S.K.: 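Let me give you the structure first, and then I'll get to my questions.
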Amino acid sequence: RGRRILFLFCAAWGMFDAAHASGTRRNVIVITADDLRPWLGCYGATFARTPHLDRLAAQGARFERAFVQQAWCAPSRTSFFTSLRPDTTRVYDLETHFRARVPDAVTLPQLFKQHGYATAAFGKVFHETQDDPPSWSVAPKRGGEHGGSRAYALAENREQPAARKGYAGPTEIGPADDEAYPDGRLTTDAIRFLEEHQGQPFFLNVGFFKPHLPFAAPARYWEHYRRDEMARFAYSEPPEGAPVQAFLFRTELHNYLGVPGPAEARALLPEAAIDLVHGYLACIAFVDAQVGRLMAALDRLGLTENTIVVFWGDHGWKLGEFGQWSKNSVYDVDTRVPLLLHGPGIRRGVVSDSIVELIDVYPTLADLAGIPVPRELDGASFVQLLDHSKAGHKDAAFSQVIRNDARGYTTYEGATWMG
């Protein structure tokens, strides 16, 4: 009997290899949004204009309790793409590259590359100043930067003096053309990649710079919302008894023209706060439109039925909660993010309340594609949740944060606190 079971396993594996050889492997697109909290219609944020993401969720799986491992760009993205916790990679800041600490790590796109996939990246995938050449079979294309003058489309904002490092105001109502901004251009580049590689298995990474500051988007996305609707989002005080180290004192918002210094943060209210919330929602609508363009391209090219699409936010962002305008805490507003999966092997309409960590996406995608999972990963596949929303997975999620005495952004070497 044991020999028969072994034979059946080998026969199944042979069929799997034959399927790969015939070119029927599942494609994967990973879409990342920067600083995105779960302000999507499908998460109950009915005020948000996100029809394309809502459709993606309705036709696939939505995770209500998905948590990042650190609410800061580089550590979060490193954890996602390596399935290793910050305590494994020792990446806790924006300066450290994971290859310096775990040189033999196999990233998620690198794993697919090793199994014959064309792997490509457009936009911000790893942190903005970092890349990982072993991950890509096609040279990555950034499509622009979210920081400095390149984040703006209007000349008066792009021409800020060098002393300000290109930082103009924290919001911009821009021209009509989506391609006036990096996210519009990189979407066009990603669609071109799909057109050129539709005949081979691919693993495509699309990293949108929005809704990261500055909250700059074409005017029509601002027009989705009425300014008087923004007043509903109220400032709140920090929880009673919260240690001062729980929150930053100085954040990236303080780099922008017209923003009061950290000690005067409350001066943002109410008019400046309304501008920020309005701009954040406009940027979400802008990202949603780009996702719609990608999904329309998949339909047009006949790739939808054989392509797994993952949409996630690298961490949340506080919009006045606890008196803060930033990420980088261990509160849910920063650590809980949207996570949507759509495509073959994923049952339509799954809404899971199970706790998942973002390190779990890597082994899940490998399972869906039939690729062996490296044993040294910290994450665990949640593929069973994709067919049954009530299935179990984890009892807890773990997130962490570093602080220095000044409570500003810091390196790990300069930190005095770990939360």
Side-chain angles (χ1 to χ4, degrees), residues 34-37 67-78 86 90-96 127-129 146-148 151 160 163-171 211-215 233-277 279-280 313-337 398-419:
D34 201 344
D35 287 12
L36 179 63
R37 58 196 282 166
F67 293 89
V68 301
Q69 278 48 78
Q70 191 171 333
W72 203 9
C73 295
S76 175
R77 292 162 183 263
T78 295
R90 312 297 288 176
V91 174
Y92 306 101
D93 56 37
L94 303 185
E95 307 300 325
T96 304
H127 189 52
E128 60 180 313
T129 58
H146 65 61
Q160 286 299 309
R164 291 200 55 79
K165 298 181 180 180
Y167 288 103
T171 63
H212 193 289
L213 281 167
F215 300 149
F233 306 108
Y235 167 93
S236 63
E237 294 287 344
E240 185 177 353
V244 293
Q245 295 86 359
F247 303 108
L248 292 170
F249 177 66
R250 181 177 179 84
T251 73
E252 72 255 46
L253 179 61
H254 298 112
N255 294 325
Y256 288 87
L257 190 66
V259 175
E264 296 83 34
R266 286 169 178 76
L268 286 173
L269 300 174
E271 291 301 312
I274 287 173
D275 279 338
L276 289 172
V277 174
Y280 187 82
D314 66 348
H315 45 72
W317 213 81
K318 293 180 291 296
L319 288 156
E321 290 91 351
F322 313 139
Q324 295 279 306
W325 300 85
S326 66
K327 57 248 188 182
N328 210 291
S329 79
V330 291
Y331 287 88
D332 280 13
V333 67
D334 287 340
T335 60
R336 178 176 169 259
V337 295
F398 295 90
S399 299
Q400 55 196 114
V401 69
I402 57 172
R403 287 282 184 272
N404 59 11
D405 287 335
R407 291 191 290 130
Y409 294 119
T410 182
T411 63
Y412 178 66
E413 288 72 21
T416 50
W417 300 88
M418 177 77 80

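Note that the structure is predicted; figures quoted are calculated from it, not measured. Throughout, residue positions are numbered sequentially from 1 according to the sequence presented.
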S.K.: With rounding to the nearest 0.5 angstrom, report the CZ to OG1 distance, Phe398 to Thr335.
M.R.: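 So the CZ of Phe398 and the OG1 of Thr335 are separated by 12.5 Å.
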S.K.: Which value, rounded to the nearest 0.5 Å, describes the distance between Ile274 atom CD1 and Thr171 atom OG1?
M.R.: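 These two atoms lie 12.5 Å from each other.
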S.K.: Do the non-hydrogen side-chain atoms of Asp35 and Cys73 ever get within less than 4.5 Å of each other?
M.R.: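 Asp35 reaches Cys73 side chain to side chain.
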S.K.: Extract all donor-acceptor atom pairs below 3.5 Å that involve side chains of residues 411-419 and protein atoms in other chains or at least two apart in sequence.
M.R.:
from: Thr411; atom 1: OG1; to: Gly414; atom 2: N; distance (Å): 3.1
from: Tyr412; atom 1: OH; to: Arg90; atom 2: NH2; distance (Å): 3.2
from: Thr416; atom 1: OG1; to: Asp405; atom 2: N; distance (Å): 3.4
from: Thr416; atom 1: OG1; to: Asp405; atom 2: OD1; distance (Å): 2.9

S.K.: I'd like to check the side chain to side chain donor-acceptor pair (under 3.5 Å) partners of Thr251; sequence neighbours left out, ordered by chain and number.
M.R.: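 With neighbours one apart ignored, the set is empty.
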S.K.: Using only atom types and a distance under 3.5 Å, with no angle test, would you say the side chain of Ser399 pairs donor to acceptor with the backbone of Gln70?
M.R.: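 The answer is no, because no donor-acceptor pair under 3.5 Å joins these two groups.
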S.K.: Could you tell me which residues satisfy side chain to side chain donor-acceptor pair (under 3.5 Å) with Asp334, sequence neighbours excluded, listed by chain and number?
M.R.: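 Side chain to side chain donor-acceptor pair (under 3.5 Å) check on Asp334 returns Lys318, Ser329.
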S.K.: Could I get the full list of salt bridge (Lys or Arg N to Asp or Glu O under 4.0 Å) partners for Arg77, not counting sequence neighbours?
M.R.: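 In terms of salt bridge (Lys or Arg N to Asp or Glu O under 4.0 Å), with neighbours along the sequence ignored, Arg77 is linked to Asp34, Asp314.
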S.K.: Among residues at least two apart in sequence or on other chains, which ones pass ring-ring contact (aromatic ring centres under 6.0 Å, His included) with Tyr409?
M.R.: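 With neighbours one apart ignored, the set is Trp72.
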S.K.: Are Leu276 and Leu253 side-chain neighbours, meaning at least one heavy-atom pair lies under 4.5 Å?
M.R.: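 The answer is yes, as the side chains (C-beta and beyond) meet within the 4.5 Å cut-off.
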S.K.: Can you tell if the side chain of Leu319 reaches within under 4.5 Å of the side chain of Arg37, non-hydrogen atoms only?
M.R.: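 Side chain of Leu319 against side chain of Arg37, heavy atoms only: contact under 4.5 Å found.
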S.K.: Could you check, using the six-membered ring where one of them is a Trp, whether Trp317 and Phe215 have ring centers closer than 6.0 angstrom?
M.R.: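 Yes, the ring of Trp317 comes within the 6.0 Å limit of the ring of Phe215, centre to centre.
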S.K.: Just so I know, are the side chains of Tyr331 and Pro239 near enough to count as touching, which here means a heavy-atom distance under 4.5 Å?
M.R.: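 A side-chain contact exists here, since the closest heavy-atom pair is under 4.5 Å.
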S.K.: Are the side chains of Val259 and Trp325 in contact, using a 4.5 Å heavy-atom criterion?
M.R.: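 With C-beta onward as the side chain, the pair stays apart.
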S.K.: Quick one: side chain to side chain contact (heavy atoms under 4.5 Å, CB included) partners of Val401, sequence neighbours excluded?
M.R.: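 So Val401 forms a side chain to side chain contact (heavy atoms under 4.5 Å, CB included) with Asn328, Val330, Arg403.
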S.K.: What are the two closest non-hydrogen atoms of Ser236 and Phe322, and how far apart are they?
M.R.: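 What the structure gives for the nearest pair is OG-N, 2.8 Å.
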S.K.: Find the distance between CD (Gln160) and CG (Leu257) and round it off to the nearest 0.5 Å.
M.R.: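 Here the interatomic distance stands at 5.5 Å.
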S.K.: Can you name the salt bridge (Lys or Arg N to Asp or Glu O under 4.0 Å) partners of Asp275, sequence neighbours left out?
M.R.: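 Residues passing salt bridge (Lys or Arg N to Asp or Glu O under 4.0 Å) with Asp275: Arg227.
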S.K.: For the CD atom of Gln69 and the OG atom of Ser76, what is their distance to the nearest 0.5 Å?
M.R.: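 Taking CD in Gln69 and OG in Ser76, the distance rounds to 7.5 Å.
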S.K.: Quick one: CD on Glu237 to CD on Gln324, what's the gap to the nearest 0.5 Å?
M.R.: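 Nearest 0.5 Å value for the CD-CD distance: 11.0 Å.
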S.K.: If you round to the nearest 0.5 Å, how far is OG of Ser326 from NE2 of His315?
M.R.: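 Reported value, rounded in 0.5 Å steps: 10.0 Å.
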S.K.: Considering all heavy atoms of both residues, which atom of Pro211 and which atom of Tyr280 are nearest to each other, and what is their separation?
M.R.: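 For Pro211 and Tyr280, the tightest heavy-atom pair comes out as CG-CE1, 3.7 Å.
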S.K.: What residues form a side chain to side chain contact (heavy atoms under 4.5 Å, CB included) with Pro243, not counting sequence neighbours?
M.R.: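 Pro243: side chain to side chain contact (heavy atoms under 4.5 Å, CB included) contacts with Gln245, Ala246.
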S.K.: Holding to side chain to side chain contact (heavy atoms under 4.5 Å, CB included), I want the full list of residues that pass it with Arg250, two or more places apart in sequence or in another chain.
M.R.: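 By the side chain to side chain contact (heavy atoms under 4.5 Å, CB included) rule, Arg250 matches His254, Asn255, Pro262.
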S.K.: Taking salt bridge (Lys or Arg N to Asp or Glu O under 4.0 Å) as the cut-off, I'd like each qualifying pair that reaches into residues 252-261, sequence neighbours left out, listed once.
M.R.: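 Passing the test, one end in residues 252-261: Glu252-Lys327.
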